[in-house]
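Below is one structure, written out as structure tokens; comments come after it.
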Amino acid sequence: MNQPSLGPGGTRRLLKRLRDLMAGGGSSQDRLDEVVRIIAADLVAEVCSIYVMRPGEVLELFATQGLKREAVHHTRLRVGEGLVGDIAAHARPLALADAQSHPNFAYRPETGEEVFHSLMGVPIPRGGRVLGVLAVQNRTFRDYTEEEVEALETIAMVLAELLAGAAAASAEGAAGPVETAPQLPMRLAGLRIIAGVAIGRAVLHEPRISIRQMVAENVEAELARLSEAIQGMQSALDDLFAASGVAGSGEMDEVFESFRMFAEDRGWLGRMAEAVRTGLTAEAAVQKVQQDTRIRMSQVTDPYIRERLTDLDDLAHRLLRQLTGQRGAPAAAELPREAVVIAHTMGPAELLEYDRKRLKAVVLEEGSPTAHVAIVARALGIPMVGRVGGVVGGADPGDMVIVDGDSGQVLLRPSEDVVDQYTAALHAAAARIAEFAALRELPATTRDGAPVTLLANAGLLLDLKRLADSGAAGVGLFRTEIAFMVRSGYPDVAQQAALYRRALERAGDLPVVFRTLDIGGDKLLPYMERNQDENPALGWRAIRIGLDRPIMLRQQLRALIQAASGRALHVMFPMIAEVAELDRARALLDLEIERARRAGAAMPTQIRVGAMFEVPALYWQIHALLARVDFVSVGSNDLVQFLFASDRGNPRLAERYDVLSPPVLACLRAIVDACDHADVPITLCGEMAAHPLEAMALLGVGFRRLSMPSTSIPAVKAMVRSVSVDELVRYVERLTALADHSVRDHLRAFARDHGVAI
Ligand code: PEP
Ligand code: MG
């Protein structure tokens, strides 16, 4: 049997013939019949078939060379059924020398395919969807090469345009506009990424660029266009960042730097040039490489890699725009005055292109707090909700949208009542901002004279910018892992020390409690080995990694000691489950203190060591713990997820249990009592402290130190100054004994009856 001649030159010739065919006349069916004939001949295959996706997720045989003709428009496979269905379901190619022995092989007698042993099939992709499947078959047990699979993928991409064109033509022929039912209001739950509330009109972020020409006339000319576009894109990126107004602010530079590194990645640039050499135009090559990457990575669940894929998409769209001259984000005048941008995912540069004055909020179907786009949005102060399933399909451009970044929900087409309620709340909030500004200088003391310490949580240097304005008494939780997660490489001791030094400098005289790396679970570092924990929240994370990789923890402790020379160092260890873990962590710290002393380094004036209380088991060793630490900090986010065995990141469980419930309050009360008894300061630094009603309950169980995002401090301070703790403590004590699901309403009633500002 002849082997096919599909080097780049062969593919090029084939693509040209396909292009001519597309440009020619005849019905779509005639053209498809011709397409399969040409491909079969060129690939020296006895069969070439095209299956097209029909409504209801069914793949219909649309054209074939080699299978029985009566099977055309007759053979149908569900997505996932048979090998063709498998290719569509997973959006990935299959190349099998012995296809019939594959467990998914489904025999269709009407096709007469029993005599063909080998099969190579690829999805026909367009705009992130699978339009169909292109497959070839041979009688022999043929081993298809990787190059052949690549070639078939390139052909499938060109074919996608033909199919899309045919679909558009048949839609045009359809009878007049279809009446659509008015869309109903929708409430969608997601993940709080950046706090804040906004009301505006939906703008669907549409990065897709239409490509007019897929097949190159002149390969050299296309290569030159590609390289010119790459240069143009790189310098446009530099201009965009320079004009963003957020460059130079700590980690923002890291984001730009790693984004810029992608834009210069040789592998990416090389693959695009390679695709041009197979006969694609520069824009088709960019799209092909983007689609290949998406398809190959679609199975990856690692959040870090998924986020970087988004960056790559951003770059690919940018390059396509450079090549086609089409614009990205709508110009300011085309945006609604109050725009809520809705997208599957977005890269940092894409966000920067929207007009700052009109962009009020961002909603993403994917997204996470450490995605680059989230860091940019945080720097710009734009509320963001992520992981909102179905929002792109559910929203129409111009729809009214309420984005509630505080509760992590998005309301599409809300009723007038709801809009009024939110508008009133926004006005009230604006009025309170002025009031809060006056509060800044006033002490956080309760009506009956109990002093309360309100601290800020931080993770980025950016967060420390607002520290002074917020009236915080210091940083109660500095999440050191965040800086590690937004970088492209592991920072060495000097780099870490520089970062912590900058954080301390920005905090001025205020204390900063550094928490050692809390990675693992869903907080993965790109440059660390990956482990596939079945239950990441219960897995190899936080101090468990630190103790198993002591060099890493020691380097961090060394950097902290260096950074805090001449001032107090507060360091705490996350996820301590038993005292033995604290002892081992403490021993590593002692080794580093000893090492610094021996080297004659300037030391911190004092070193205070704390443990985070997040794992319930620790309660049964609390006395031993308190004998060893200088302070305790309750991480209520984790503590509550472990108490209720309820994943904190799962939107379906978000409202299942209430933190304002008797078990949680009783548990917290017991921990506070033990600390008070031992005279060890205790803080709560989880999400609970950020909301006035929850913070009031915390005062009720005995907390006098709360750490929260700095933006929450004014509202919590107003609550503190309006409450009398004596009465509150007695009231909450009674609540902890109830068997209720929640005591939220009781607490609200207390606040109302006692004039507490919540
Ligand atoms: C917590 O668990 O409450 C906490 C503050 O830590 P993190 O949210 O970073 O896990
Ligand atoms: Mg935690």
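Owing to the predicted nature of the structure, the values given are computational and were not obtained by experimental measurement. Indexing begins at 1, ligand by ligand and atom by atom, following the structure's order.
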| message | Assess the residue pair Thr480 and Gln556 against the criterion (side chain to side chain donor-acceptor pair (under 3.5 Å)); give the C-alpha distance rounded to whole Å, side-chain angles, the decisive distance to 0.1 Å, and a yes or no. | response | CA-CA 9 Å; Thr480 58; Gln556 186 176 32; 2.9 Å; yes
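In Glu614, the N, O or S atom that comes nearest to the Mg ion (ligand 2) is OE2. The atom of Asp638 that is an N, O or S and sits closest to the Mg ion (ligand 2) is OD2.
A salt bridge is defined here as a Lys NZ or Arg NE, NH1 or NH2 lying under 4.0 Å from an Asp or Glu carboxylate O, and Asp548 with Arg544 fails to meet this definition. One finds no salt bridge joining Asp583 and Arg586 here, because no Lys/Arg side-chain nitrogen approaches an Asp/Glu carboxylate oxygen to under 4.0 Å.
Of the residues listed (Val634, Leu626, Leu668), the one engaging Ile682 in a side-chain contact (heavy atoms from CB on, under 4.5 Å) is Val634, and it is the only one.
When heavy-atom distances to ligand 1 are checked against a 4.0 Å cut-off, Asn457 has no atom that comes that close, whether in backbone or side chain. Neither the backbone nor the side chain of Met708 comes within 4.0 Å of ligand 1, counting heavy atoms alone.
Remark: side-chain polar atoms of Asn535 are not paired, donor with acceptor, to backbone N or O of Ala537 under 3.5 angstrom.
When the shell of 6.0 Å around CZ of Arg744 is examined, it contains more than 12 heavy atoms from other residues, nucleotides or ligands.
With distances taken over non-hydrogen atoms, the option nearest atom 3 (O) of ligand 1 out of Asp518, Val640, Leu639, Asn637 is Asn637.
The shortest N or O to N or O distance between Asp638 and ligand 1 is below 3.5 Å.
Using a 4.0 Å cut-off to heavy atoms of Leu477, the atoms of ligand 1 that qualify are 5 (C). Atoms of ligand 1 found under 4.0 Å from any heavy atom of Gly686, numbered from 1 in the order shown, are 3 (O).
A pairwise comparison of heavy atoms in Arg628 and Leu582 identifies CB-CD2, 3.8 Å as the closest pair.
For the pair Glu687 and ligand 1, no heavy-atom separation below 4.0 Å is found.
Among the atoms of Asp518, none of the N, O or S atoms falls under 2.8 Å from the Mg ion (ligand 2).
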